[in-house]
Amino acid sequence: MRFLITGGAGFIGSHLAEELLRKGNEVAIIDDLSTGSIANIQHLKGKRGFSYTIDSCANVPLVAELIDQCDVIYHLAAAVGVKLIVQSPVRTIETNIKLTEIVLELANRKKRPTFIASTSEVYGKSLQLPFSEDGDLVIGATTQGRWSYACSKAIDEFLALAYWKEKRLPTVVARLFNTVGPRQTGHYGMVVPSFVRQALSNRPITVYGDGEQSRCFTHVSDVVRALIALMQDEQCIGHVFNVGNNVEISISNLAKTIRQLTGSKSEITFTPYDKAYGAGFEDMRRRIPDLSKIRNTLGWEPSIDLMRTLRDVIGHERGDAVSAGDACSDIA
Ligand code: UDP
């Protein structure tokens, strides 16, 4: 099979490319390197069946050609990371909506099955835990830039589902919960790589808010396994799936655990949200996926626990020979 991955030089895209190649497929990626990096795909260059194009998905003739040459599309190109979203809301909204419009329209011309990456952020401030795919989305005021990410991704979901309903373009949507693993950068605020880097350099570990907010972290290898399975089963077409781990940890316990695992002397500091992200910032206290839909449809379950995930990230940041490739082959 020939796959096209938009955003293929990003954190998740590069792991997906690696696994699809390992399974004997051809993979073409397109990435404008806005948040992805060449370093993420360095090890794939020259591999049989791999090709890459550094350009934006807004380059319509180019994307049309890449779509023409592939069998299946994974659309992962997006603006991600709460810091980036708060700092550059125009870029977030435009990137997330325009690029998805372009990809779906071109995919529809050739009727190429298309995967659309969405996010657990769409659940917003919902208190209906665990979050299930048909639950309400509770988004805050438009004056809070953070919510533009959830809204832009919700529009992507609507559009993907509409293309299936109205035009019979096979689409699948996954809401990814906090995904972590080697190669994720802390530049856009993501908590695990940020804490690991702070701990390894004995700088203060910066917990935002009171630290009692919690998240569930999924190893990128588990996510990649779900993404591949979702595009292999016709039952998934026209559906939205949660993809994540449902084991919760508070952010202050995450800080303590990372300090312990790294043997760091870092102090743990608490920074008010306003200082970290700007006035009036709203965070969600808890975010847990209901996994029954993906479990019942595909038998998919996360297989890598938080300790192993954190060790993997720490090993990568220390420059050990740990790679997601090793983790992928462990669970294959
Ligand atoms: N967070 C933190 N310190 C950091 C970065 C993030 O305490 O340096 C907190 C953040 O406020 C949130 C959680 O960690 O409550 C997860 O943040 P992230 O940006 O990784 O993902 P989110 O779940 O917010 O999309």
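Note that ligands are numbered from 1 as they come in the structure, with each ligand's atoms numbered from 1 the same way.
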Against ligand 1, does Gly189 come closer than 4.0 Å with any heavy atom?
yes
Counting heavy atoms only, name the option from Phe270, Tyr273, Tyr277 that's nearest to atom 10 (C) of ligand 1.
Tyr277
Please state whether Tyr188 comes within less than 4.0 angstrom of ligand 1, counting heavy atoms only.
no
In ligand 1, which numbered atoms sit nearer than 4.0 Å to a non-hydrogen atom of Arg146?
24 (O)
Please tabulate, for the side chains in residues 275-284, all donor-acceptor contacts under 3.5 angstrom to protein atoms that are two or more places apart in sequence or on a different chain.
unit_1: Glu282; atom_1: OE1; unit_2: Trp147; atom_2: NE1; d: 2.7
unit_1: Glu282; atom_1: OE2; unit_2: Lys125; atom_2: NZ; d: 3.0
unit_1: Asp283; atom_1: OD1; unit_2: Arg146; atom_2: NH1; d: 3.2
unit_1: Asp283; atom_1: OD1; unit_2: Arg215; atom_2: NH2; d: 2.8
unit_1: Asp283; atom_1: OD2; unit_2: Tyr273; atom_2: OH; d: 2.6

Which atoms from ligand 1 have a heavy atom of Val82 less than 4.0 Å away?
19 (O), 24 (O), 25 (O)
Quick note on ligand 1: atoms under 4.0 Å from a heavy atom of Val207 include exactly 7 (O)
Electrostatic pair Asp305:Arg308 at N-O distance under 4.0 angstrom:
no
Residue, atom and distance of the protein heavy atom nearest atom 23 (O) of ligand 1 read Arg215 NE, 2.5 Å
With sequence neighbours excluded, what pairs up with Tyr149 under the ring pair (Phe, Tyr, Trp, His ring centres under 6.0 Å) test?
none
Salt-bridge contact Asp71-Arg112 (side-chain N to carboxylate O under 4.0 Å):
no
Would you say Gln198 has any N or O atom under 3.5 Å from an N or O of ligand 1, going by distance alone?
no
Could you see which bit of Met284 sits under 4.0 Å from ligand 1, with heavy atoms only: side chain, backbone, both or neither?
neither
Can you tell whether the side chains of Glu101 and Lys98 come within less than 4.0 Å, N to carboxylate O?
no
Atoms in ligand 1 flagged as close to Thr206, the criterion being non-hydrogen separation under 4.0 Å
2 (C), 3 (N), 4 (C), 7 (O), 8 (O)
Heavy-atom count around Lys111 NZ within 6.0 Å, excluding the residue itself: above 12?
yes
Between Arg175 and Glu157, does any NZ, NE, NH1 or NH2 come within less than 4.0 Å of an OD or OE carboxylate oxygen?
yes
So is there a nitrogen or oxygen of Val191 less than 3.5 Å from a nitrogen or oxygen in ligand 1?
yes
Of all the non-hydrogen atoms in the protein, which one sits nearest to atom 21 (O) of ligand 1, and at what distance?
Asn178 ND2, 3.2 Å
Arg287 heavy atoms, cut-off 4.0 Å: which ligand 1 atoms fall inside?
22 (P), 23 (O), 25 (O)
Checking Lys293 against Phe241: charged group under 6.0 Å from the ring centre and within 45 degrees of the axis?
yes
Of the protein's non-hydrogen atoms, which lies at the shortest distance from atom 7 (O) of ligand 1, and what is that distance?
Tyr208 N, 2.7 Å
Numbered atoms of ligand 1 (with element) below 4.0 Å of Asp283, judged on heavy atoms
11 (O), 12 (C), 15 (O)
Backbone, side chain, both or neither: what part of Phe177 comes under 4.0 angstrom of ligand 1, heavy atoms only?
neither
